[in-house]
Amino acid sequence: MTMRSSVRDAMLAAVPSLRAFAISLCGNVDRADDLVQETLLRAMANIDSFQPGTNMSAWLFTILRNLFRSEYRKRRREVEDTDGSYAETLKSHPEQHSRVEFEEFRVALGKLPQDQREALILVGASGFSYEEAAAICECAVGTIKSRVNRARTRLAELLSIDGTDDFGPDQSTRAILSAGGQS
Amino acid sequence: MQTDAHIRKVGGRLSREDQRRLGDILQRVYDDVVRQGVPDRFKDLLNELDDHDGEDEPSKAHGDPERDDRRDHLVKAFPHNKGSS
């Protein structure tokens, strides 16, 4: 019983970050939660393949990423349809700094190529090292570094686009960027 | 005002300051989801798996060497996860 609880606790501890990663990947909270659920089921079914002493969180991220990619191949079109549901999750969190900030940033993030987006999130937000991110994405460390750099550059370009197209008023973009500089 | 022009680099690399700004935003967006914690859905799911493995198979609860092996393995696999946050 004790070790059951330990496994469960380790998985539970990873869930918040796993969800954030999943939402960043698919931009849709409901789909993200389904992905997390599938990941946990898959992990429990394959717990024997978990290597003792390694990072449970990294293992779960790897499973989730693989599930997402195989699903993405099947439903390529649906992935682009991300409107609306992200607002759902924001409603449940009244203390956020600015809904505009989240929305615009999310849209920009969604425009990055998938490889770049996941690399940026793993290293820049989930707190994994370049080496861990490389293991999760099954590629070389140098590849991760270059993806992260390209993601940052592209994101900066997207966020500083003049506000006539998809991005709304220019002030919103400025607000995002200047908010980032004040903390 | 200057931020807009400042952060834009056409074909160049971002300055450290710009990288930090982007990083801060990304972290905030991400952490906002993290702070929502674990939805009940996942707590229920993992508790359910617990119950299934522990109690729903009384015929296998005793004298199943394969199962005992598996438990030993799990104990060894997660010696320090107990009580981790």
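To find a chain, count down the sequence lines: A is the first, B the second, and so on, and within it residues start at 1.
Within the 3.5 Å criterion, the main-chain N or O of A:Ser17 finds a donor-acceptor partner in the side chain of B:Tyr30.
Proximity of A:Val15 to B:Arg41: side-chain heavy atoms (C-beta onward) are nowhere separated by under 4.5 Å. Counting only heavy atoms from C-beta outward, the side chains of B:Val33 and A:Pro16 never approach each other to under 4.5 Å.
The minimum heavy-atom distance linking B:Gln27 with A:Ala125 is given by the pair NE2-O, 3.0 Å. Shortest non-hydrogen contact noted between B:Phe42 and A:Gln37 is CE2-N, 3.6 Å.
Both the backbone and the side chain of A:Ser126 come within less than 4.5 Å of a heavy atom of chain B.
Across A:Asp33, A:Thr54, A:Leu18, the residue that shares the most heavy-atom pairs under 4.5 angstrom with chain B is A:Asp33.
Between atom CG of residue A:Leu12 and atom CG of residue B:Leu46 there is a gap of 5.0 Å, rounded to the nearest 0.5 Å. The distance from atom CG of A:Leu120 to atom CG of B:Leu26, rounded to the nearest 0.5 Å, is 5.0 Å.
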